[in-house]
Amino acid sequence: MFEEGEELKRIYGDENVFDFSLGNPNLEPPPSLKKALKELADHPIPGMHRYMPNNGYSETRKVIAEYIAEESGLSFKEKHIVMTVGAAGGLNVVFKTILDEGDEVIVPSPYFMEFAFYIENSGGEIRPVETNDDFSLDLKAIENAVGERTKAVLINSPHNPTGVVYDQETVKQLGELLKRKSGELGRTLYLISDEAYRRIVYDGIRLPIVFRFYPHTIRVTSHSKDLSLAGERIGYLAVSPFCEDLDETMAALVFANRILGFVNAPALMQRLVAPLQKYSVNVRIYEEKRDLLYHALKEFGYQVVKPQGAFYLFPKAPVEDDVSFIRELQSRRILTVPGRGFGRAGYFRIAYAVDNGVIERSLPGFKEVAQKYGLG
Ligand SMILES: Cc1ncc(COP(=O)(O)O)c(C=O)c1O
């Protein structure tokens with residue numbers, strides 16, 4: 001698909017191909033980051049390029065722990081934080097740490113397809129569980145899916161590919177469910193919260209603090225999206241101070257970070273993101289893009305859940321065969337991803353972290369295809 005997109009761009013020119021296929025943030029990092037980078041280049045700290053403790057710089061972890069403590073009201077300390085090579089690195093470290101061969105991880109579906117590979121990397125198996133029509137969690141279905149082989153539930157909010165944000169009541173009920181099920185099984189289930197888009201939220205809503213609702217929670221996040229540093233591979237994982245076997249778990253996470261070959265997160269980036277914990281790119285810009293595209297698609301007759309975060313829309317395709325549908329869009333030089341790539345055929349994903357001009361120029365194509373399928 002990527003190659004076909006490149007071919008279209010070669011034939012028609014970049015500005016005439018509307019590429020919504022990749023979740024690659026199109027905003028620049030905050031100017032303060034570039035200033036700090038220049039400052040470090042001009043006044044290097046001796047030893048700043050050397051090996052370091054595998055969990056990362058103590059100063060950075062301390063700042064992050066203080067930030068989470070303030071946000072959650074819980075007693076986070078630097079020892080609860082491991083700096084990671086993005087959220088992707090963090091998730092792999094978590095699975096390497098908690099999974100034994102054949103363990104299952106429950107993942108609400110649709111889901112970010114890489115999850116399956118990360119889980120399999122550590123000998124586990126993904127257990128997708130369908131969500132409700134509005135992509136909210138079907139807690140009953142999750143409860144029914146928990147069994148002898150379940151080790152963890154992995155949630156992702158704001159969500160890729162749907163843009164849905166789970167509300168506090170849902171997270172609370174999920175926490176209760178996991179406590180109940182851990183009790184029945186006589187062992188602890190983990191809750192892994194992928195918050196890669198945690199600061200990309202709209203409509204003034206606040207992301208629930210998952211740590212408050214379940215003690216055995218691990219947050220995995222990064223600055224790929226909120227500071228537009230996706231190529232720099234900087235993130236962290238934070239383990240609840242109330243997690244079972246805390247010291248052993250932390251030691252295993254740090255060891256996994258090392259032996260998976262990450263060793264430690266990039267040194268320069270650890271220094272740069274520390275003072276930016278409360279910053280993000282201007283989220284209003286993404287919100288405007290969401291509004292522009294969402295309202296247009298609704299007007300053209302597409303069925304689509306209004307996202308409250310991340311930078312994706314996941315409309316229903318007007319035919320079951322999502323691949324033939326995205327081919328139809330492609331013939332109008334609009335590149336999207338079929339829903340089956342996220343475990344949900346019959347839908348398609350639009351990644352709208354692109355210039356407004358791309359969105360505007362794509363609209364006639366979306367409209368034509370809608371008309372062709374009798375929508376509106
Ligand atoms: C849901 C989700 N989790 C994790 C990641 C990985 O992000 P990172 O760049 O921090 O590794 C992504 C990237 O798109 C994502 O969409």
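Each ligand, and each atom within it, is numbered from 1 in the order the structure gives. These figures come from a predicted structure and were not determined experimentally. Just so it is clear, the values below take in all heavy atoms, side chains as well, and ignore hydrogens, waters and symmetry mates.
At the shortest separation from atom 3 (N) of ligand 1 among protein heavy atoms lies Asp194 OD2, 2.6 Å. With respect to atom 7 (O) of ligand 1, the closest heavy atom belonging to the protein is Ala87 CB, 3.9 Å. Residue, atom and distance of the protein heavy atom nearest to atom 16 (O) of ligand 1 are Tyr197 OH, 2.7 Å. In terms of protein heavy-atom proximity, atom 5 (C) of ligand 1 is closest to Phe112 CE2, 3.7 Å. In terms of protein heavy-atom proximity, atom 1 (C) of ligand 1 is nearest to Asn156 OD1, 3.4 Å. Arg233 NH2, 2.6 Å is the protein heavy atom nearest to atom 11 (O) of ligand 1. Scanning all protein heavy atoms for the shortest distance to atom 6 (C) of ligand 1 gives Ala88 N, 3.8 Å. In terms of protein heavy-atom proximity, atom 13 (C) of ligand 1 is nearest to Lys225 NZ, 3.2 Å.
For the pair Lys289 and Tyr352, the cation does not sit on the ring face, since its NZ or CZ is not both under 6.0 Å from the ring centre and inside 45° of the axis. Taking the centre and axis of the six-membered ring of Tyr12, the NZ or CZ atom of Arg333 falls inside the cone set by 45° and 6.0 Å.
Proximity to Gly86 (heavy-atom distance under 4.0 Å) selects the following atoms of ligand 1: 10 (O), 11 (O).
A salt bridge does not link Glu15 with Lys9: none of the charged nitrogens is closer than 4.0 Å to a carboxylate oxygen. Electrostatic pairing of Arg284 and Glu287 counts as a salt bridge here, judged by a charged N lying under 4.0 Å from a carboxylate O. A salt bridge does not link Arg361 with Asp355: none of the charged nitrogens is closer than 4.0 Å to a carboxylate oxygen. With salt bridges taken as basic N to acidic carboxylate O contacts below 4.0 Å, one links Arg344 and Glu130. Residues Glu184 and Lys181 are paired through a salt bridge, judged by an N-O separation under 4.0 Å between the basic side chain and the carboxylate.
Among the atoms of Asn160, some N or O lies under 3.5 angstrom from an N or O of ligand 1.
No part of His159 comes within 4.0 Å of ligand 1, judged by heavy-atom distances. By the criterion of a heavy-atom distance under 4.0 Å, the side chain of Ser224, and not its backbone, is placed next to ligand 1.
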request  = For Lys172 and Asp167, run salt bridge (Lys or Arg N to Asp or Glu O under 4.0 Å): C-alpha distance rounded to whole Å, both residues' side-chain angles, the deciding distance at 0.1 Å, then the answer.
outcome  = CA-CA 9 Å; Lys172 184 165 170 249; Asp167 63 22; over 6 Å; no
